[in-house]
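Heavy atoms only: backbone and side chains are in, while hydrogens, waters and symmetry mates are out. Remember, predicted model here, so these are calculated numbers, not experimental data.
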Amino acid sequence: MNNELKYIVHGCLLVIVFLIAGFVVKFCFTYEQESQNSVSNPIVHNDSAENVSASKGRTLFITNCASCHAINKRLIGPALVGINERVTDKKLLYDWIRNNKKVLKSGNDYFNALYNEYGQVSMNAFPNLSDDDIDAILAYID
């Protein structure tokens, strides 16, 4: 009886491990497929400054933005496609990314409307991102 119970427990654990592995693989595949469908692949084989910036921007986007934003669809936050057209004041956009609470207090209509639209959930502040980092993210989004 003890051996039978041992085999049942081991079998159940094995099934659980396979289910978890399947979910992880499915999530990774879905995430990669969505990111390929949402933008053209920024990795190209020439080393122009624009392509290097977009490649750096992809890494920064995945690290800092992708948990709440997609490029072409709404997630927790808005889709970021067209952000450069919606916010033409670069300094204001940098300020928003680095310290959005400060921008909200200033009474900016666009960002206050976003704040209200998304259930008054403000995004994380990223004071560590330099102008070059933000420009790289914007190049990737474009």
Side-chain angles (χ1 to χ4, degrees), residues 2 4-142:
N2 229 355
E4 288 177 22
L5 183 59
K6 185 171 132 181
Y7 290 128
I8 291 171
V9 169
H10 284 235
C12 289
L13 289 174
L14 193 58
V15 167
I16 291 170
V17 167
F18 281 120
L19 286 172
I20 291 171
F23 284 120
V24 168
V25 168
K26 182 177 179 180
F27 174 77
C28 291
F29 177 75
T30 302
Y31 179 79
E32 183 62 31
Q33 186 178 23
E34 283 181 7
S35 97
Q36 286 176 358
N37 290 338
S38 65
V39 295
S40 60
N41 190 352
I43 301 171
V44 291
H45 297 294
N46 65 32
D47 289 333
S48 74
E50 185 177 308
N51 291 327
V52 171
S53 179
S55 180
K56 175 185 175 187
R58 179 180 189 272
T59 301
L60 289 166
F61 178 85
I62 290 169
T63 304
N64 297 289
C65 312
S67 62
C68 298
H69 296 280
I71 293 174
N72 287 323
K73 69 179 182 178
R74 179 180 173 150
L75 296 178
I76 294 170
L80 296 180
V81 68
I83 188 64
N84 289 317
E85 290 79 27
R86 292 191 307 270
V87 182
T88 56
D89 181 344
K90 284 257 194 195
K91 183 183 179 326
L92 180 63
L93 185 55
Y94 295 160
D95 288 345
W96 172 257
I97 292 167
R98 290 191 185 115
N99 185 358
N100 55 73
K101 288 181 173 59
K102 179 181 174 184
V103 173
L104 289 171
K105 287 179 185 177
S106 75
N108 179 277
D109 291 338
Y110 174 75
F111 289 114
N112 282 321
L114 273 181
Y115 179 75
N116 291 327
E117 178 182 347
Y118 285 85
Q120 299 182 349
V121 176
S122 64
M123 73 176 222
N124 295 331
F126 297 95
N128 58 315
L129 292 177
S130 69
D131 288 357
D132 289 340
D133 291 340
I134 295 170
D135 287 338
I137 293 168
L138 295 172
Y140 171 69
I141 290 168
D142 281 343

Participant: Could you pull out all residues at least two apart from Lys105 that satisfy side chain to side chain contact (heavy atoms under 4.5 Å, CB included)?
Facilitator: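 In terms of side chain to side chain contact (heavy atoms under 4.5 Å, CB included), with neighbours along the sequence ignored, Lys105 is linked to no residue.
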Participant: To the nearest 0.5 Å, what is the distance between CG (Asn99) and CG (Asn124)?
Facilitator: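 That separation rounds to 12.0 Å.
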Participant: Verify, without hydrogens or angle tests, whether Arg58 (side chain) and Ala136 (backbone) share a donor-acceptor contact under 3.5 angstrom.
Facilitator: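 A pair under 3.5 Å: no.
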Participant: Sub-3.5 Å donor-acceptor pair from the side chain of Asn108 to the main-chain atoms of Val103, do we have one?
Facilitator: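 Not a single qualifying donor-acceptor pair exists.
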Participant: Looking at every non-hydrogen atom in both residues, tell me the closest pair between Arg86 and Val81 and how far apart they are.
Facilitator: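 Taking Arg86 first and Val81 second, the nearest heavy atoms are NH1-O, 2.6 Å.
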Participant: Of all heavy-atom pairs between Asn128 and Asp133, which one has the smallest distance, and what is that distance?
Facilitator: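 Result for this residue pair: O-OD2, 4.2 Å.
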Participant: Roughly how far, to the nearest 0.5 Å, is CG of Asn84 from CG of Leu138?
Facilitator: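 Between atom CG of Leu138 and atom CG of Asn84 there are 5.0 Å.
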Participant: Closest heavy-atom contact between Ile97 and Leu129?
Facilitator: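 Scanning both residues, the minimum pair turns out to be CG2-CD1, 4.0 Å.
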Participant: According to ring-ring contact (aromatic ring centres under 6.0 Å, His included), does anything in residues 93-115 pair up with another residue at least two apart or in another chain? List the pairs.
Facilitator: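 For residues 93-115, and leaving out neighbouring residues, the ring-ring contact (aromatic ring centres under 6.0 Å, His included) pairs sorted by first residue read Trp96-Phe111.
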Participant: Given Leu80 and Ile137, is the side chain to side chain contact (heavy atoms under 4.5 Å, CB included) satisfied, shown in steps?
Facilitator: CA-CA 10 Å; Leu80 296 180; Ile137 293 168; 5.8 Å; no
Participant: Determine all donor-acceptor pairs shorter than 3.5 Å in which one atom belongs to a side chain in residues 62-70; sequence neighbours excluded.
Facilitator:
from	atom 1	to	atom 2	distance (Å)
Thr63	OG1	Thr59	O	2.8
Asn64	ND2	Leu60	O	3.0
His69	ND1	Pro78	O	2.8

Participant: What distance separates Ser106 OG from Asp95 CG, expressed to the nearest 0.5 Å?
Facilitator: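 The CG atom of Asp95 is 8.5 Å from OG of Ser106, to the nearest 0.5 Å.
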Participant: Restricting to side-chain hydrogen bond (donor to acceptor under 3.5 Å, both in side chains), what partner residues turn up for Thr88, sequence neighbours left out?
Facilitator: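 side-chain hydrogen bond (donor to acceptor under 3.5 Å, both in side chains) check on Thr88 returns nothing, list empty.
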Participant: Please identify each residue that fulfils side-chain hydrogen bond (donor to acceptor under 3.5 Å, both in side chains) with Lys102, with sequence neighbours left out.
Facilitator: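 Lys102 satisfies side-chain hydrogen bond (donor to acceptor under 3.5 Å, both in side chains) with no residue once adjacent residues are dropped.
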Participant: Taking only residues two or more places apart in sequence, or in another chain, which ones meet Asn112 in a side chain to side chain contact (heavy atoms under 4.5 Å, CB included)?
Facilitator: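 Here the qualifying residues are Leu104.
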Participant: Does a side-chain N-to-carboxylate-O contact under 4.0 Å join Asp131 and Lys90?
Facilitator: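 Looking at Lys90 together with Asp131, the answer is no, because their closest N to O distance does not fall below 4.0 Å.
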Participant: Any chance you could lay out the side chain to side chain contact (heavy atoms under 4.5 Å, CB included) test for Ile71 and Tyr140, step after step, and finish with the verdict?
Facilitator: CA-CA 9 Å; Ile71 293 174; Tyr140 171 69; 3.5 Å; yes
